[in-house]
Amino acid sequence: MAQTACPQLKNFLASDNCLENLAGLGSSLYYFAKKDLQAKLTLTGNTFSTPSFASGAGLYKIDAKEQTVQLTGGSLKKRGGFKQELKFTIQANNAQTAELNRALNNHEIGFIVVDNDVSYIVYDPIYNGAFDADGISADTGAAATDDRQVTYTYLLQPCLYDKHLCVEPAEGGWDSLMVQEN
C-alpha cells in the first residue's frame, strides 16, 4: 500500500461540535461491481473521489428494512489499519433475494451509504470485502408473527480509516449513477 502521511493530532472538543449525533443510517444503500469502475477511486485524506463507471454499468440500489443499516469500524491493531463492517436487512426472503444473495456473495463489490449530508463508501482499490460465513443469513421465520428477511454483514479489511467518505455526484445525487435496467 502506498505510504500515506498520518493525520495530525488535534483536539476534539464538544464545544467545537454542534452534533445531534443521531444513530442509524438511511434505509437505502447502493452497491457496485468493482470491475465496472472506469478507474480506481482516488483517496484524499479519508475521502474517495466520485466513482465513474464503464458504459452500461453503474450503481444498484437496495431498499433495506427501516433502522437496520449500520456501519461500524474498528482498529485491527497498532499500525495494522482498520476494519469496516456494513450490516443491513432486507425484509423479504424469496427467489429474488436468493439471486441477489448469490450475486453479492460472488462478485467483488463496494457499497455506498448516505448519512444525511455525507456519503460513506465501503471500498478499497486493493483489498476486497466479503460476506464471511453466515454473512448472508436468510430466514423464512417460523410463526406468522416472525419476519421473513435476509440479514447481511459485509466485512472489509484492512483499511486506512474506520470509515471512508465518498464525494457525491454534483448533480442528480447517487441515483444519477444507477444502472438503467430494461
Side-chain angles (χ1 to χ4, degrees), residues 1-2 25-43 46-65 68-74 76 81-115 118-140 148-169 172-182:
M1 179 165 276
L25 300 170
S27 61
S28 293
L29 56 144
Y30 301 87
Y31 70 95
F32 58 91
K34 288 175 66 174
K35 68 178 178 56
D36 289 343
L37 292 170
Q38 281 187 329
K40 293 178 179 179
L41 303 184
T42 304
L43 184 64
N46 71 330
T47 303
F48 277 106
S49 57
T50 305
S52 59
F53 296 96
S55 179
L59 296 175
Y60 298 89
K61 190 173 186 177
I62 294 174
D63 288 329
K65 182 178 176 181
T68 65
V69 181
Q70 178 185 26
L71 179 59
T72 61
L76 293 174
F82 293 86
K83 66 179 177 178
Q84 297 176 13
E85 188 174 81
L86 176 65
K87 297 178 183 180
F88 61 96
T89 300
I90 293 177
Q91 203 163 12
N93 183 358
N94 54 32
Q96 282 181 287
T97 60
E99 294 254 340
L100 175 64
N101 297 346
R102 186 162 185 227
L104 291 175
N105 199 45
N106 289 301
H107 287 276
E108 303 304 339
I109 56 175
F111 285 94
I112 296 172
V113 183
V114 178
D115 183 19
V118 299
S119 296
Y120 296 114
I121 187 168
V122 183
Y123 159 86
D124 188 272
I126 299 170
Y127 300 105
N128 293 315
F131 294 97
D132 286 339
D134 290 326
I136 299 175
S137 178
D139 185 353
T140 61
R148 177 180 278 261
Q149 62 189 19
V150 182
T151 303
Y152 300 84
T153 304
Y154 184 77
L155 182 64
L156 176 62
Q157 61 183 3
C159 306
L160 285 178
Y161 295 89
D162 65 338
K163 65 185 80 38
H164 289 120
L165 301 173
C166 190
V167 178
E168 186 173 342
W174 294 114
D175 284 353
S176 70
L177 296 182
M178 287 179 60
V179 171
Q180 301 302 314
E181 296 178 321
N182 296 335

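As the structure is a computational prediction, the values presented were derived from the model and not from experiment. Computation of the quantities below employed the complete heavy-atom set of this structure, encompassing side-chain atoms and omitting hydrogens, waters and symmetry-equivalent molecules.
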* Asked: For Q149, what residues pass the side-chain hydrogen bond (donor to acceptor under 3.5 Å, both in side chains) criterion, not counting sequence neighbours?
  -> K65
* **Any donor-acceptor pair under 3.5 Å from D132 side chain to G135 backbone** => no
* To do: Show your reasoning for whether side chain to side chain contact (heavy atoms under 4.5 Å, CB included) applies to I121 and L41.
  => CA-CA 11 Å; I121 187 168; L41 303 184; 3.6 Å; yes
* Going through the distances and angles, do I109 and Y154 end up as a side chain to side chain contact (heavy atoms under 4.5 Å, CB included)? -> CA-CA 10 Å; I109 56 175; Y154 184 77; 3.9 Å; yes
* Asked: Can you tell me how far CG of L71 sits from NE2 of H164, rounded to the nearest 0.5 angstrom?
  -> 10.5 Å
* If only atom types and distance count, is the side chain of T50 paired as donor or acceptor with the main-chain N or O of V167 below 3.5 Å? -> yes
* Asked: Salt bridge between K83 and E85, side-chain N to carboxylate O under 4.0 Å?
  -> no
* Roughly how far, to the nearest 0.5 Å, is NZ of K40 from OG1 of T42? -> 11.0 Å
* Asked: In Å and rounded to the nearest 0.5 Å, what is the CZ to CG distance from F131 to L104?
  -> 5.0 Å
* How many angstroms lie between atom CD1 of I112 and atom CZ of F32, to the nearest 0.5 angstrom? -> 5.5 Å
* Asked: Taking only residues two or more places apart in sequence or in another chain, which ones pass side-chain hydrogen bond (donor to acceptor under 3.5 Å, both in side chains) with Y30?
  -> D175
* To do: To the nearest 0.5 angstrom, please state how far the CD atom of Q157 sits from the CD atom of Q84.
  => 10.5 Å
* Donor-acceptor contact below 3.5 Å, side chain N106 vs main chain R102 -> yes
* Asked: Only one of F88, Y60, Y152 clears ring-ring contact (aromatic ring centres under 6.0 Å, His included) with F111; which?
  -> F88
* To do: Begin from the C-alpha positions of N46 and L160 and carry the test side chain to side chain contact (heavy atoms under 4.5 Å, CB included) through to its verdict.
  => CA-CA 8 Å; N46 71 330; L160 285 178; over 6 Å; no
* Structure fact -> Of all heavy-atom pairs linking A64 and V69, the shortest is CB-CG2, 3.7 Å
* Asked: Do P158 and Y127 come within less than 4.5 Å of each other through their side chains, counting heavy atoms only?
  -> yes
* To do: Heavy atoms only: give me the nearest L37-P51 pair and the separation to one decimal.
  => CD2-CB, 3.7 Å
* When rounded to the nearest 0.5 angstrom, what is the spacing between CG in L43 and CG in L165? -> 10.0 Å
* Over all atoms of both residues, closest heavy-atom pair of P169 and G173 -> CG-O, 3.5 Å
* What closest approach, in Å, do M178 and Q180 show between heavy atoms, and which atom pair accounts for it? -> O-NE2, 3.2 Å
* Whether N93 side chain and D139 backbone form a donor-acceptor pair below 3.5 Å -> yes
* Any donor-acceptor pair under 3.5 Å linking the side chain of Q70 with the backbone of T68? -> no
* Does F48 offer a backbone N or O that forms a donor-acceptor pair with the side chain of Y123 under 3.5 Å? -> no
* Asked: Of the non-hydrogen atoms in A54 and Q38, which two are nearest, and what is the gap between them?
  -> N-CG, 3.6 Å
* **Full working for side chain to side chain contact (heavy atoms under 4.5 Å, CB included) between V150 and L100** => CA-CA 10 Å; V150 182; L100 175 64; over 6 Å; no
* Quickly, which of L86, V114, L59 forms a side-chain contact (heavy atoms from CB on, under 4.5 Å) with L29? Name it, please. => L86
